[in-house]
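Comments concern the structure below.
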Protein chains: 2
Amino acid sequence: MRLYKSSEYAIRCLVSMAHSGGGVHSVKSLSDNLGIPYKFLGRLMSRLGSEGVVESVKGKAGGYRIVRPLEDIRLAEIVDIVEGLESYERCILGFDRCDEKNPCPMHEFWSGHKDGILEMLKSTTLAQLAESEGKKI
Amino acid sequence: MRLYKSSEYAIRCLVSMAHSGGGVHSVKSLSDNLGIPYKFLGRLMSRLGSEGVVESVKGKAGGYRIVRPLEDIRLAEIVDIVEGLESYERCILGFDRCDEKNPCPMHEFWSGHKDGILEMLKSTTLAQLAESEGKKI
DNA sequence: GCAAAATGCTACCCCCGGGTAGAATATAAA
DNA sequence: TTTATATTCTACCCGGGGGTAGCATTTTGC
Ligand code: SF4
Ligand code: SF4
């Protein structure tokens, strides 16, 4: 019942970058500041780069930079890239092919929360998260 | 963002047993009816037996039987036995030591849903789930 | 008593998320 | 041009959830 660590890392990383302006951040500095394993974060950022969320700057003083507008990057997109959204679109019990006509006994208890969480991921943008100055990342 | 398969199996299995009366159910029949791997379910039921949720009946025509009152068995207890509740008591981002004074930027978005889900697990009993006749398990 | 049918137990296997290591490559600064 | 600093790529290890196999044990029904 939690995001994969990769998703957590990606979100914290992007929020941190957005928070401190649109400059270039090296994986090394991000790794140190956020306490994320260096090599692991490197591979993760590379992935986000190939998906067009960030842009890589090679060579000395290089790193990664967010290119798209912050208002345009939603949590759901990040989670989808890193771990996929399948788990968030179906039920906590993992059943396939569920609808209102053929629910399991838990449906009425679970359905609302599931939809709420997915909606939260889909509606929250990096811009919103970056606004919260002073809060921990 | 879902229960472990073990938790799903345990819940479906217990609901099925509760649904069809308080008799003895063999692992074989449960495995066939619910489509759960036989050996895997056997080990899982053994676990539930040692935790006092069900009782094992050995020998021919043996199996497992729910002993405690259905109103007394809550989903949270089952999940706790099978996979632990730690993941449901902390946040979707996996941070430690969070409080209202030192929130991360996602807190206001996430906190309500997290509490709601845990509360749902804690308040839902097997008796409630067993009531829903005709619904799929 | 004996065989059938059930649980109980141990030892494996596979997959994948998480993490590490190292070398190759690119590039800006000195 | 050299060098330091960065990304990039591949390969590997580890732990745990999920799953399988086999055999021992228990007890009922014949
Ligand atoms: S709670 Fe609803 S969505 Fe989940 S398995 Fe049951 S019927 Fe399907
Ligand atoms: S959302 Fe709240 S509980 Fe979760 S990491 Fe942020 S501050 Fe902590």
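These figures come from a predicted structure and were not determined experimentally. Numbered from 1 within each chain, the chains take letters A, B, ... in sequence-line order.
Other members of the hydrophobic cluster containing B/Val57, listed by chain and number, are B/Val24; membership follows side-chain contacts under 4.5 Å among ILVMFWY residues, whether direct or relayed.
Of all nucleotides listed (C/dG19, D/dG19, D/dG18), D/dG19 comes nearest to the side chain of B/Tyr9.
To the nearest angstrom, P of C/dT20 lies 12 Å from CD1 of A/Ile36. As rounded to whole Å, 16 Å separates atom C1' of C/dC9 from atom CG of B/Leu41. Whole-Å rounding puts the A/Phe40 CZ to D/dC9 P distance at 17 Å. C/dG17 atom C1' lies 10 Å from atom NZ of A/Lys5, rounded to whole Å. The OH-C1' distance, from B/Tyr4 to C/dC16, rounds to 13 Å in whole Å.
Among pairs with a residue in residues 15-26 of chain A, none fulfils salt bridge (Lys or Arg N to Asp or Glu O under 4.0 Å), at least two apart in sequence or across chains. Residue pairs meeting the ring-ring contact (aromatic ring centres under 6.0 Å, His included) criterion with at least one partner in residues 30-58 of chain A, sequence neighbours excluded, are A/Tyr9-A/Phe40. Listed by first and then second residue, the ring-ring contact (aromatic ring centres under 6.0 Å, His included) pairs that reach into residues 49-68 of chain A come to none, sequence neighbours excluded.
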Under 3.5 Å, which donor-acceptor pairs link side chains of residues 113-123 of chain B to any protein atom two or more places apart or in another chain?
residue  : atom : partner  : partner atom : Å
B/Ser123 : OG   : B/Glu119 : O            : 2.9
B/Ser123 : OG   : B/Met120 : O            : 3.4

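By the salt bridge (Lys or Arg N to Asp or Glu O under 4.0 Å) test, B/Glu55 is found to be paired with B/Arg65, residues two or more places apart in sequence or in another chain being considered. Under the salt bridge (Lys or Arg N to Asp or Glu O under 4.0 Å) criterion, A/Lys39 pairs with no residue, sequence neighbours left out.
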List every contact pair, protein side and nucleotides 3-7 of chain C side both N or O, where the distance is under 3.5 Å.
residue : atom : partner : partner atom : Å
C/dT7   : OP1  : B/Val27 : N            : 2.7

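Of the residues in residues 42-53 of chain B, B/Arg43 come within less than 4.0 Å of DNA chain D through at least one heavy atom, sorted by number.
Listed for the B/Asp72 side chain is no donor-acceptor partner under 3.5 Å among the backbone atoms of B/Arg68.
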